[in-house]
Amino acid sequence: MQIVVGAMGPGRVALVDPAVSSVPFETVALHDFGDVVRALEAAKRPRWIWADTRRWYPRLLAEGVRVERCHDLVLASAILDHSTMTTAIRAGAAHPRPEWLPLGPAEAGQPMTVVPAASAAHSPLFDLLDFDEADAPAQEPTAGPRDVLGVPVDAVLAEHARQLALVVASERPGALRLLLAAESAGALIGAELHAAGLPWHRGVHERVLESELGPKPAPGRKPARMEALAAEVRTLLGAPAVNLDSQVDLLKALRSAGIPVESTSRWELREHEHPAIEPLVAYKKLSRLLSANAWSWLDEWVVDGRFRPDYVPGGTATGRWATSGGGALQLPKNVRSAVVADPGWALVVADAAQLEPRVLAGLAHDEAMAEAGRGRDFYSGIVGAGVVETRDQAKVAILGAMYGATTGESGRLVPRLARAYPRAMALVDRAAAEGERGASVTTLLGRSSPLPGAEWRATQSLASQPEATAADERRARSRARDWGRFTRNFVVQGTAAEWALCWMAGLRSRLASIAATGVEPGSIASRSGSAFERMPHLVYYLHDEIIVHTPVEHADDVAAAVADSATEAGRLLFGGFPVEFPLDLAIVESYASADA
DNA sequence: GTAGCGCGCGCC
DNA sequence: AAAGGGCGCGCGCTAC
């Protein structure tokens, strides 16, 4: 069953069963919405069709209501309206996107926290979806869009119908259906991750900071260890006043000291011999920790023992997620020890080993490459096949093939890989060639790359004019290759993101059944939000890695569910093709213990 | 005072 | 060791 959700008049939500009628079977005040969803979910387990999960679902979760399935129209439109699988039908028939949809993936979704209406007044999407004015005095329903509370249910219905028509008439309806279901499940998961939060032990984090940086400094001061390193660097450079935090200043001081660098980046510094370099690199390391993940980060982001970043499913062009605030996708390894399970709970930590090369093998149907990945370690498999001599060589060669390396050791090794795995190499080369000519490329399930912008096109067309200079042509070639590297990587990274979404979506539903099998009386409740009391739930997601927080008695079942879901994701994407997706999986108390 | 940008670096 | 894809964030700096 499907239930379409939309607005109907100020502060009221309408529910439509499109199989029966376009007339709502129920309308409900916003403050009763959660109870109505709870009851319908229990009775019918429908797929909820709504404009934007990021606007609807957090308020349900806050009331302890979870839903099993949804269709997120904003995310689906971002896929369908750009996919090469729908190009023909979009060109041939009238399928105009409604105005309330945002223009592209970058704008998909709004912040999960409530934005003051004043600062969002310029955004038609925000106005249309803004339920937070529901408590304001009722206004004329016929007034302008600012008075519409949420996308009207009629518009939601119409958009859903438009999207279904695109899927049905597309080149690969089955692939797109799977992608939209996975993307929508991702939207639910993103909201749930925020609601649940990642268990974060402030004391452990503070001990890490103290051991690396020294005691917390007074406001406006630097930690003692950084001050000491800075003094050492200034002395060794013979630049007593240099500000190490200023790139310009530091670059000048380095050159005056006879170190001929073009930048102050770590990898370039390390190429030079000078006594100041070691303490300078150490200073930069600490400086990064201080500004990104130290005491002020803790104060801002960890509340009641939980880190709650805002996840943005579908937030990047390739379909990987983004986050907004807190840097959740960049947590340095050395502070991960602060991720600690609640008493009586455990963390099940899993990441997909060498996900992208395995995805490439599957995408290209490259039997030899899939064979190298059979068993545990993909890179050793490549060495075993005699393609290169060492595991490190295998790694740089593979990364070079997927990222488009042309120089260095990586660039030199790529041809050997191409001889051993011609199908895989041909696939990424073809993707690069498409990008170089300004075309878009598409993932296995149907997400297509954006087209290069006007400036890129202008550069290319300038170079094709008769009066173009050699410099124009060089520039155009270089820009073309840049875009080719993007599309080369896009197909692999994007398809890997699809695998990860399928993995998580499958895991999410398995976790729900584990929870439903019952919890022994007296088990300790988590401090998580009420939607996750006593049930295993996802608390972290990072491209190819997940963490589940679970009552200890369920940990083994959760681990099995994680592994089963990975197997299932591989089958969903690649059918019977024999590519394996092994996991590094651990049941631990602390995230830090999962690295082994 | 703030907006925008380049840099550098954390993660995958 | 080398410099090839995707991101977000904090900083210093410049321009307004």
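Here is how names work: the chains are called A, B, and so on, in the same order as the sequence lines, proteins then strands, and each is numbered from 1.
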Report task. State whether the number of non-hydrogen atoms from other residues, nucleotides or ligands found under 6.0 Å of A/Glu568 atom CD is greater than 12. Result -> yes
Query raised in the report: When we call it a touch if two heavy atoms are under 4.0 Å apart, what does A/Ser287 touch: a base, just sugar-phosphate, or nothing?
Result: nothing
Query raised in the report: Quick one: is B/dC9 close enough that its OP1 or OP2 comes under 4.0 Å of any side-chain N or O from A/Lys284?
Result: yes
Query raised in the report: How far does CG of A/Leu347 sit from NE2 of A/His549, to the nearest 0.5 angstrom?
Result: 5.5 Å
Report task. Tell me yes or no: between the side chains of A/Gln393 and A/Tyr379, is some donor less than 3.5 Å from an acceptor? Result -> no
Query - Length of the CG-P vector between A/Asp392 and C/dA1, whole Å - result: 10 Å
Query raised in the report: What is the distance from atom CD of A/Gln493 to atom CZ of A/Phe486, rounded to the nearest 0.5 Å?
Result: 8.5 Å
Requested in this report: Please round to the nearest 0.5 Å and tell me the distance separating atom NZ of A/Lys395 and atom CD of A/Gln354.
Outcome: 8.5 Å
Query - Nucleic acid footprint by protein, nucleotides 11-16 of chain C - heavy-atom cut-off 4.0 Å, B for base, S for sugar-phosphate alone - result: SSS---
Report task. Could you tell me the separation between the CG atom of A/Leu269 and the C1' atom of C/dA2, rounded to a whole number of Å? Result -> 15 Å
Requested in this report: Using whole Å, report how far CG of A/Leu280 lies from C1' of B/dC9.
Outcome: 14 Å
Report summary line: When rounded to the nearest 0.5 Å, the distance separating CG of A/Asp429 from CD of A/Glu434 is 12.0 Å
Query raised in the report: In whole Å, what is the span from the CG atom of A/Asp584 to the P atom of B/dC12?
Result: 12 Å
Could you list, one pair per line, each protein nitrogen or oxygen that sits under 3.5 Å from a nitrogen or oxygen of nucleotides 4-8 of chain C, together with the distance?
residue	atom	partner	partner atom	Å
C/dG4	O3'	A/Arg485	NE	2.9
C/dG5	OP1	A/Arg485	NE	3.2
C/dG5	N2	A/Arg320	NH1	3.3
C/dG5	N2	A/Gln493	NE2	3.4
C/dG6	O4'	A/Gln493	NE2	3.1
C/dG8	O4'	A/Gln330	OE1	3.1
C/dG8	N3	A/Gln330	NE2	2.9

Query - A/Ser590 and A/Ser337 side chains, donor-acceptor separation under 3.5 Å - result: no
Query raised in the report: Does a side chain donor of either A/Asp72 or A/Thr53 reach within less than 3.5 Å of an acceptor in the other side chain?
Result: yes
Query - Nearest-angstrom distance from the residue atom NE2 of A/His272 to P of C/dA2 - result: 12 Å
Query raised in the report: To the nearest angstrom, how far is A/Glu262 atom CD from B/dG6 atom C1'?
Result: 16 Å
Report task. Hey, which sits more toward the 5' end of DNA chain C by its nearest nucleotide, A/Glu268 or A/Trp297? Result -> A/Glu268
**Report entry** Rounded distance (Å) that lies between atom C1' of C/dG10 and atom CE of A/Met226
**Finding:** 12 Å
Query - Interatomic distance, A/Leu289 CG vs C/dC9 C1' [rounded to whole Å] - result: 14 Å
Query raised in the report: Thinking salt bridges, do A/Arg391 and A/Asp377 make one under a 4.0 Å N-O criterion?
Result: yes
